[in-house]
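Position 1 is the first residue of the sequence; numbering continues from there. Order of listing sets the numbers, starting from 1, for every ligand and every atom in it.
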Amino acid sequence: MQKRFFLLFLLALLCTAASSQGMWIPSLLEKQNEKEMKALGLKLSADDIYAPAHSSIKDAICQFDGGCTGEMISPEGLLLTNHHCGFDAIQQLSTLENNFVENGYWAKNRSSELPAEGVTAMFVSRIEDVTLVVLQGITDGMAERERQSQIDKNIASLKSSTKKEKWEDIEVRPFYNGNQYYMFITQTFKDVRFVGAPPSSIGKFGADTDNWVWPRHTGDFSIFRVYADKDNHPAAYSKDNKPYQPGHFLPISLDGADEGDFSMVYGFPGATNEYLTEAAIRQTGEVLDPARVAIRDRALKVMDGFMRKDPAVKISYVARYASIANAWKKWLGEMQGLKTYKAFDKKAAYEAEFTKRIQQNPDWNTRYKNLLPRLRQLYKDIEPYALGRDYYLETMIRNNEILGTVSGLGSWINGYDPKNETEFVNKMSRVKAGLEGFYEDYHPQVDEAVLAAMMEMYGENARAEWGAADVKKMAGEAGGYAKLAKNIFEQSVFAQKSKIMTILETKKPAEVAEALRNDPAFKLWDKLQGYYNTQIQGKLQELQPQINLLQRQYMAAQMEVFKEKKFFPDANSTLRLTYGKIKGFSPKDAVQYEFQTDLDGVMEKYIPGDYEFDVPQKLIDLWKTKDYGQYATADGRMPVACIGTNHTTGGNSGSPALDANGNLIGLNFDRVWEGTMSDLNYDPAICRNIMVDSRYILFIVDKYGGAGYLLNEMKLVKGKKKKKK
Ligand code: ARG
Ligand code: ASP
């Protein structure tokens, strides 16, 4: 047994050593990565990629709209990101007559670029390691609360003493589970305008069926432009604003990527957890993921049934469905991948080696011997509550709309105070505006059926003392979950916009509060959140900080005990660089995935009239005549997407994939099915990121969209590299 573990461990170590996994801090590349990157093929220096004082590639990279990445592709602020990242903005700008989601859009000139209200683009001016300052006065024996308040104080004084321009912001973030801190000076542009996108039949081709899957054929891109004030600084929208002139913009490669080529992805990965214990990832893979997947399975099936019957429902629910399905599918892939690729054994072997090493060092042994056993115990302790949290959130908040909406208004409704009505009244217009948006795409008959399914999941599977017994009893009295949902929908004012709006508009504040507090949807949510607060949340608040503390210590211990290993910090929505090679993979015996798809594959998947796999006629015509212009491969094909060994996660969508010279060869948008476990267990043999080929983007803009004039402001490069395979 010992021996088997050790062999496994060696294997794992070898894999890590041979790979380039990790999401690295751009300001540390020279010290940590430059050598390896050059060995892999990089032709640039670390300084070309990140420099605080002069222009570098980082000046082309921004966080798009808070959750995605975007990049500058012209000296005039042209921004490239994914179609699914721009989707909300595109949808909001669409009308029935001008349906940009359906038909795409190409602004013919600057004045037809459409202000995308609320969309932001955040650039990083510089990054500084501020660990020493932030952890000043922190001692080992400090209680967690005391530690945090000292840290908060240190951060506040650091912020006030740091020099920055008026238009810049400062953010300080923990790294390595709070063992290190970095400061980011940023600037956020708020005047961002929609320039163009292909129709969904290209930008979303394959939709949910193909999501998280390779081989892929989605042209997942959209184009915006960042505007600045007359001094090139961020400003609110104004018609007098000018296109932003970035410190750097990315040349776009007409050569694309070949198998084995160096590639790097620069962007804002959201969250990973690569250094957890076996107990932790087992809980996610064997307990939490299966529960969440089962709940969403039910919700999605109900929605799908209605969407297939009624086109109006489909239009209203595609975006909601896609977003619920996206996480559902990711969790499913994650739980399967962890199991198939032996993530638990690998962690166990790693922990066995950790334990062996600390036992050989008396100092380590005293400091670290309790870490793993205590973490194991704490994960056991927290498990029922973590499951309870997911049950509550998934069934009562996230997957049905009426309770989700009611919960969002919960503190407003419960907070009504007859002695101080002004606060309640002041919030009224915000509440109304929120509800206006909510009812735009609301179909109560769909939501009623979803609510019935969600109450059943809760009533039958959650713990009795968390309110499941109450829900079950209510269903019993009503004559079943469907009947219970029906009663709620018949009586709740939230089921119909006119009912709730009439109350808000005609009643006195006291009457509004009274009516809403007695509403059956509100009462159901209020009852369950009461259980959640008393039975679940308190326990989580007691146990989670203990886990966080031990995880912080375990992180530091791993870095000390495995000195020979290079540790990258887990993703935390800050700017990172990841690098690797363009490369296919073999998910199982006798199956080999190639690294690239092409337009022939789009036509193989083509299902006329289907909402996921329809293909626009013009694209079919271009394919028939092979009218690919300068964008074809040397052998006359039109490449669509490719995969590589770049270590990415959610948030990396829209990130540029760059070649050895810093030219854009692809646009990151997804990961392969077998590798969706990568947030917990990055396996370089299996995990791949998926990118749209730069040539497909240019081809669609130029030949399909007829917006070739946009290419005039870009820099297209060709013939930089031609290397033997
Ligand atoms: N799976 C990708 C990501 O996590 C793409 C999601 C958008 N596409 C979709 N069909 N929902 O964001
Ligand atoms: N599709 C993801 C995103 O939107 C990327 C990923 O999870 O690989 O950021």
Novice: Which protein non-hydrogen atom lies closest to atom 9 (O) of ligand 2, naming both residue and atom, and how far is it?
Specialist: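 Looking only at protein heavy atoms, the one closest to atom 9 (O) of ligand 2 is G651 N, 2.6 Å.
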Novice: Of all the non-hydrogen atoms in the protein, which one sits nearest to atom 8 (O) of ligand 2, and at what distance?
Specialist: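 For atom 8 (O) of ligand 2, the nearest protein heavy atom comes out as R671 NE, 2.8 Å.
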Novice: Report, in ascending order of atom number, the atoms of ligand 1 lying under 4.0 Å from any heavy atom of D208.
Specialist: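 Result: 10 (N), 11 (N).
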Novice: Considering only NZ, NE, NH1 and NH2 on the basic side and carboxylate oxygens on the acidic side, decide whether R225 and E113 come within less than 4.0 Å.
Specialist: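 Yes, R225 and E113 are salt-bridged.
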Novice: Report the relative orientation of the aromatic rings in F64 and F224; use parallel for angles under 30°, tilted for 30 to 60°, perpendicular for over 60°.
Specialist: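 Geometry flag for F224 against F64: tilted rings.
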Novice: Quick one: does A207 get within less than 4.0 Å of ligand 1, heavy atoms only?
Specialist: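 Within the 4.0 Å threshold, so yes.
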Novice: What class does the angle between the rings of F189 and F123 fall in, given that below 30° is parallel, 30 to 60° is tilted and above 60° is perpendicular?
Specialist: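 Geometry flag for F123 against F189: perpendicular rings.
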Novice: Under a 4.5 Å cut-off applied to non-hydrogen side-chain atoms, are N689 and M691 in contact?
Specialist: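 In short, these two side chains touch, coming nearer than 4.5 Å.
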Novice: Quick one: does ligand 2 sit under 4.0 Å from the side chain of W212, the backbone, both or neither, non-hydrogen atoms only?
Specialist: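 The answer is the side chain.
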Novice: With a 4.0 Å heavy-atom cut-off (strictly under), which part of T649 contacts ligand 2: side chain, backbone, both or neither?
Specialist: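 Only the backbone of T649 comes within reach of ligand 2.
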Novice: Using a 4.0 Å heavy-atom threshold (strictly under), name the region of N668 that reaches ligand 2: side chain, backbone, both or neither.
Specialist: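 The answer is neither; N668 stays 4.0 Å or more away.
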Novice: So between D670, D220, N211, T218, whose heavy atom ends up nearest atom 11 (N) of ligand 1?
Specialist: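 Answer by nearest heavy atom: N211.
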Novice: Can you list the ligand 1 atoms lying under 4.0 Å from a non-hydrogen atom of N326?
Specialist: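 This gives 1 (N), 2 (C), 3 (C), 4 (O), 6 (C), 12 (O) as the contact atoms.
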Novice: Where does H84 meet ligand 2, judged by heavy-atom distances below 4.0 Å: at the side chain, the backbone, both, or neither?
Specialist: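 The part of H84 near ligand 2 is the side chain, not the backbone.
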Novice: Which of these, G267, G650, S653, has its nearest heavy atom closest to atom 3 (C) of ligand 2?
Specialist: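 Looking at heavy atoms only, S653 sits closest to atom 3 (C) of ligand 2.
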Novice: Would you mind listing which atoms of ligand 1 come within a distance below 4.0 Å of any non-hydrogen atom of A322?
Specialist: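 Answer for ligand 1: 11 (N).
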Novice: For F669, take its heavy atoms, then give the atoms of ligand 1 lying under 4.0 Å from any of them.
Specialist: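 Result: 2 (C), 5 (C).
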